[in-house]
Amino acid sequence: MPEKTTVPTVMLIDDNRIDIILNRKVLEKENIAENIQVFEQAETALDYLKQLEKDLDKNTNQVPSMIFIDVVMPQMNGFQFIKAFDALSPALKSKIKIILISSALLTTEQQASLSQYQVSIEMVGKPLTKSTLDKLR
């Protein structure tokens, strides 16, 4: 039996519809959140977060506690998203953990580049699994 829901909202960002379906099913089955926001483009997700940031007190339940984002995407990839996300307010960033999801391991240089940001970042493999989510709770 899945554990009790841990957060009101999570965000899933991936350009691959099959990965979205698979990862969303795992998130739903494991009851990770009451609401799963799905975006196929990182830019759209970032715009959404900027809107929430404008009135953070009223939007508390809409702010995702976790953002699951694919590393490799066209236009804005996971690393570019983190760089742009890092420019958001500390009040918003402190509420969110970013989880990079990838089918490949990050290089040493890529891992080192993440340490420059004032953002909570984890790295997990694709697809999401119960075991992975248990470690993130």
Side-chain angles (χ1 to χ4, degrees):
M1 183 172 177
E3 292 182 30
K4 191 174 184 180
T5 299
T6 56
V7 297
T9 304
V10 297
M11 184 181 283
L12 176 61
I13 308 168
D14 200 318
D15 63 313
N16 184 309
R17 289 187 182 201
I18 293 171
D19 286 339
I20 288 172
I21 291 167
L22 291 172
N23 288 326
R24 184 179 188 135
K25 289 246 184 243
V26 172
L27 291 168
E28 288 172 348
K29 183 179 179 194
E30 295 307 316
N31 206 25
I32 197 82
E34 295 170 16
N35 182 31
I36 301 168
Q37 302 165 326
V38 177
F39 293 89
E40 291 184 20
Q41 295 181 338
E43 298 94 335
T44 308
L46 193 60
D47 289 343
Y48 176 79
L49 291 170
K50 288 177 182 177
Q51 288 301 313
L52 292 180
E53 182 181 40
K54 289 180 181 178
D55 201 353
L56 197 53
D57 292 336
K58 289 184 181 177
N59 297 321
T60 302
N61 282 344
Q62 295 173 314
V63 174
S65 297
M66 292 183 270
I67 297 175
F68 295 87
I69 182 167
D70 185 17
V71 172
V72 180
M73 291 189 295
Q75 297 167 354
M76 178 183 277
N77 66 34
F79 294 102
Q80 293 165 324
F81 176 85
I82 289 171
K83 182 177 182 180
F85 179 85
D86 194 45
L88 298 175
S89 72
L92 179 68
K93 291 188 308 187
S94 68
K95 297 177 182 303
I96 302 170
K97 178 191 294 188
I98 295 180
I99 298 99
L100 290 170
I101 50 178
S102 178
S103 54
L105 295 175
L106 296 183
T107 66
T108 305
E109 294 82 25
Q110 288 173 319
Q111 290 176 7
S113 73
L114 295 174
S115 65
Q116 69 183 306
Y117 302 111
Q118 301 298 310
V119 178
S120 176
I121 304 170
E122 301 266 343
M123 176 70 191
V124 300
K126 272 187 175 184
L128 294 175
T129 64
K130 177 186 184 328
S131 173
T132 300
L133 294 177
D134 287 346
K135 291 176 187 171
L136 294 171
R137 288 185 197 251

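Positions are given from 1, in the same order as the sequence printed here.
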Inset, instruction - Verify side-chain contact (heavy atoms from CB on, under 4.5 Å) between Lys50 and Leu46, making sure each step is shown before the conclusion. - result: CA-CA 6 Å; Lys50 288 177 182 177; Leu46 193 60; 4.0 Å; yes

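- Considering CD1 of Ile96 and OG of Ser120, their distance stands at 10.5 Å, rounded to 0.5 Å.
- Taken from CD1 in Ile20 to NZ in Lys25, the straight-line distance is 13.5 Å, to the nearest 0.5 Å.
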Inset, instruction - Could you check Phe68 against Leu133 for side-chain contact (heavy atoms from CB on, under 4.5 Å), going step by step and ending with a plain yes or no? - result: CA-CA 11 Å; Phe68 295 87; Leu133 294 177; 3.8 Å; yes

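- Between Asn77 and Val71 the shortest side-chain heavy-atom distance does not fall below 4.5 Å.
- Side-chain contact between Leu128 and Glu30 is absent, with no heavy-atom pair separated by less than 4.5 Å.
- In this structure, Ile18 belongs to a hydrophobic cluster whose other members, linked by side-chain heavy atoms under 4.5 Å apart, are Leu22.
- Put simply, the side chain of Val63 reaches to within 4.5 Å of the side chain of Leu56, judged on heavy atoms.
- Taking all atoms of both residues into account, the shortest heavy-atom contact from Pro8 to Ser65 is CD-OG, 4.4 Å.
- Atom NZ of Lys97 sits in a crowded spot, with more than 12 heavy atoms from other residues, nucleotides or ligands closer than 6.0 Å.
- The local environment of CD in Gln118 is sparse, with at most 12 non-hydrogen atoms from other residues, nucleotides or ligands closer than 6.0 Å.
- Proximity of a side-chain donor or acceptor of Gln51 to a complementary backbone N or O of Tyr48 within less than 3.5 Å is not detected.
- Annotation for Met76 and Ala84: closest pair CE-CB, 4.3 Å, computed over non-hydrogen atoms.
- Going from atom CG of Asp55 over to atom OG1 of Thr60 covers 9.0 Å, rounded to the nearest 0.5 Å.
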Inset, instruction - Could you go through the side-chain contact (heavy atoms from CB on, under 4.5 Å) check for Ile69 and Asp14 one step at a time? - result: CA-CA 6 Å; Ile69 182 167; Asp14 200 318; over 6 Å; no

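- The closest side-chain heavy-atom distance from Ile67 to Val10 is not below 4.5 Å.
- Among all heavy-atom pairs drawn from Thr132 and Thr129, the shortest one is OG1-OG1, 2.9 Å.
- With hydrophobic clusters built from ILVMFWY side chains whose heavy atoms lie under 4.5 angstrom apart, Val72 shares a cluster with Phe79.
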Legend entry - Steps toward side-chain contact (heavy atoms from CB on, under 4.5 Å) verdict (Glu34, Thr9): CA-CA 6 Å; Glu34 295 170 16; Thr9 304; over 6 Å; no

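- Using a 4.5 Å cut-off on side-chain heavy atoms (C-beta onward), Asp15 and Pro74 make contact.
- In this structure, CG in Leu27 is found 13.0 Å from NZ in Lys130, a value given to the nearest 0.5 Å.
- Put simply, the side chain of Ile13 does not reach to within 4.5 Å of the side chain of Glu40, judged on heavy atoms.
- The distance from atom CG of Leu49 to atom OG of Ser89, rounded to the nearest 0.5 Å, is 10.0 Å.
- A heavy-atom distance below 4.5 Å is not found between the side chains of Phe81 and Met73.
- Arg24 has its side chain within reach of Glu28: a pair of non-hydrogen atoms, C-beta onward, lies under 4.5 Å apart.
- Gln116 CD to Lys83 NZ: the interatomic distance, rounded to the nearest 0.5 Å, is 7.5 Å.
- Scored by the salt bridge (charged side-chain N to carboxylate O under 4.0 Å, His left out) test, Asp57 finds no partners at all (sequence neighbours excluded).
- Scanning for salt bridge (charged side-chain N to carboxylate O under 4.0 Å, His left out) contacts around Lys93 gives Asp86, with sequence neighbours left out.
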